[in-house]
2 protein chains.
Amino acid sequence: MSAKSDPGRSLALLWGSHTRPGRSGLTVRAIVDAAIELADTEGLDAATMRRVADKIGSGTMSLYTHVPGKTELNDLMVDTVIGELYTGVDDPAGHGGWREGLRYVAERNWDVSLRHPWLLDATGGRPTLGPNAVLKYEAELRVLDGIGLTDLQMDSVLTLVLTHVEGVARSHAGLARAQRDSGLTEQEWWRATAPVLERVMTGHDFPVAGRVGEASSQVYQASADPVHAFAFGLDVILDGVQRLID
Amino acid sequence: MSAKSDPGRSLALLWGSHTRPGRSGLTVRAIVDAAIELADTEGLDAATMRRVADKIGSGTMSLYTHVPGKTELNDLMVDTVIGELYTGVDDPAGHGGWREGLRYVAERNWDVSLRHPWLLDATGGRPTLGPNAVLKYEAELRVLDGIGLTDLQMDSVLTLVLTHVEGVARSHAGLARAQRDSGLTEQEWWRATAPVLERVMTGHDFPVAGRVGEASSQVYQASADPVHAFAFGLDVILDGVQRLID
DNA sequence: AGCGTGTACCGTACGGTGTACGCCAACGGA
DNA sequence: TCCGTTGGCGTACACCGTACGGTACACGCT
């Protein structure tokens with residue numbers, strides 16, 4: 001019987017208080033905070049066990065006394081930053097109607113994705129279901145409660161909005177990372193790419209793509225504009241939800 | 001001057017014919033195909049240079065004669081499977097109105113994401129802009145041409161639909177990967193998780209989340225249902241686009 | 001035919017990853 | 001005081017991408 005991917009172990013760790021220090025002051029909290037700080041400034045890849053240990057001045061393997069493995073550390077990181085979403089700010093359900101509420105939910109999620117871009121890399125697969133994740137689910141669902149949707153529709157609408165935010169945030173994070181890695185801003189990269197692309201495309205015929213791509217890149221000065229995509233898509237989705245409610 | 005992330009080099013490779021074999025029959029085509037097959041069956045992580053080389057019976061470093069590096073190999077893999085999208089099937093623009101056309105586009109993208117789940121892991125950052133990517137862009141934009149949208153709106157609507165498909169496909173792929181890695185089906189995992197979650201949540205109060213979560217998980221027998229999210233979200237988005245056109 | 005050279009091919013090595021394993025020291029209870 | 005338990009950690013292993021340098025083949029020129 002392998003202890004691999006035992007849901008219980010991970011859940012117990014997530015819902016535990018994990019504040020008891022070891023005899024050299026090592027804490028789960030400190031480990032998670034160090035990992036988050038590394039991921040914030042240098043990306044999720046930088047949050048390796050060795051570098052986390054170095055950052056808090058302990059040996060690498062000491063971390064395994066407090067955290068079963070890398071996977072569980074990631075889960076803890078995720079639930080921790082999810083906790084930032086609605087603590088110390090307004091309750092989403094108190095933002096006027098469902099439309100303003102949903103927009104607020106989208107904006108809060110967008111903000112946290114900007115502060116912690118690695119969140120998107122760490123969340124694939126089954127959901128984490130830590131205390132803050134459940135709290136988030138509760139706060140966001142309340143926006144849609146009592147406006148004439150079934151329970152299933154409430155869940156579906158929320159999923160739709162969150163999927164959209166996650167998608168455009170991922171796009172944004174991808175471009176930011178590309179910019180950091182390559183040293184080229186979006187404008188510079190596009191100015192370098194466009195001519196090559198044009199030269200290589202001669203001979204083929206892409207009438208609509210040429211026209212629309214030209215127009216878009218003129219406005220964006222890039223290949224895409226996640227900020228615009230966020231706002232545009234959110235408006236369209238909210239209009240669609242409006243029709244669903246009617 | 002570093003050759004790192006030179007857009008021109010990658011583009012030239014993408015748009016080249018890359019069919020000329022070396023003296024032991026090694027081809028770019030063969031390398032890319034082997035990598036795709038590995039990624040299809042065992043995930044993107046399995047498509048390492050060593051394993052690709054083993055698969056085609058060459059030394060690891062021989063690959064670097066034909067492909068500058070792992071990054072460019074990924075780009076080639078991506079553009080190759082994008083080529084599967086609309087070859088040998090109907091033109092999206094010939095599928096009745098824009099609504100049916102967009103739905104067709106969404107379904108084709110969904111299908112290819114099911115066949116090649118690693119595609120989502122390989123596409124972050126700046127777009128690839130290989131020949132098949134441009135071809136795809138052209139085919140999909142034609143669906144929205146001449147229905148009263150501006151060029152920018154056409155691009156935005158297409159981006160919205162593709163972002164949605166990518167999001168739910170990523171969710172689907174994540175669940176499938178989790179299922180494969182853990183050996184637990186979604187039902188089994190949920191049956192194992194739900195009781196623990198319930199026990200750990202006693203003492204806290206999540207009225208709406210409890211009710212809605214209960215209803216959803218009853219229907220899905222899981223924590224989420226990407227197939228349902230795909231259909232539901234697409235309908236809502238199309239309704240929103242309808243309002244935009246009016 | 002003989003030779004010179006460019007290059008396809010590949011073996012080795014380096015610095016990185018997550019973590020299994022085993023040793024040591026400090027602490028708590030009897 | 002002694003001893004079992006447990007926190008801390010050093011070493012080692014199997015992987016990764018790829019820089020580097022060596023070998024041997026194919027081809028152009030005399």
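By convention in this document, chain letters (A, B, ...) are assigned in the order of the sequence lines, proteins followed by strands, and residues within each chain are numbered from 1. Just so it is clear, the structure is predicted and the values come from calculations on it, not from any experiment.
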Steps toward side chain to side chain donor-acceptor pair (under 3.5 Å) verdict (Thr193(B), Arg126(A)): CA-CA 11 Å; Thr193(B) 300; Arg126(A) 315 226 224 242; over 6 Å; no
side-chain contact (heavy atoms from CB on, under 4.5 Å) between Arg29(B) and Thr80(B), intermediate numbers included: CA-CA 9 Å; Arg29(B) 183 100 233 153; Thr80(B) 300; 3.6 Å; yes
DNA chain C contacts made by residues 120-130 of chain A, counting heavy atoms under 4.0 Å: none
Rounded distance (Å) that lies between atom P of dG7(D) and atom NE2 of His66(A): 7 Å
CD/Glu37(B): more than 12 non-hydrogen atoms of other groups inside 6.0 Å: no
NZ/NE/NH1/NH2 to OD/OE distance under 4.0 Å, Glu140(A) and Arg108(A): no
Side-chain touch Val78(B)/Leu119(B), heavy atoms, less than 4.5 angstrom: yes
Sub-6.0 Å ring centroid separation between Trp110(B) and His164(B): no
Nucleotide dG17(D), atom P - distance to CG of Leu73(B) in whole Å: 10 Å
Exercise: do Tyr137(A) and Asp155(A) side chains pair donor with acceptor under 3.5 Å: yes
Whole-Å distance separating the CG atom of Asn74(A) from the C1' atom of dG18(C): 12 Å
Met61(A) CE to dG7(D) C1', straight-line distance once rounded to whole Å: 13 Å
N or O in side chain of Ser62(A) less than 4.0 angstrom from dG7(D) OP1/OP2: no
For atom CG of Leu63(B) and atom P of dC9(C), their distance in whole Å: 10 Å
DNA chain C contacts made by residues 35-58 of chain A, counting heavy atoms under 4.0 Å: Thr48(A), Met49(A), Arg50(A)
Spacing of Lys70(A) atom NZ relative to dG16(C) atom P, expressed in whole Å: 16 Å
Test salt bridge (charged side-chain N to carboxylate O under 4.0 Å, His left out) applied to Glu42(B) and Arg51(B), step by step: CA-CA 11 Å; Glu42(B) 299 183 53; Arg51(B) 293 205 55 191; 2.9 Å; yes
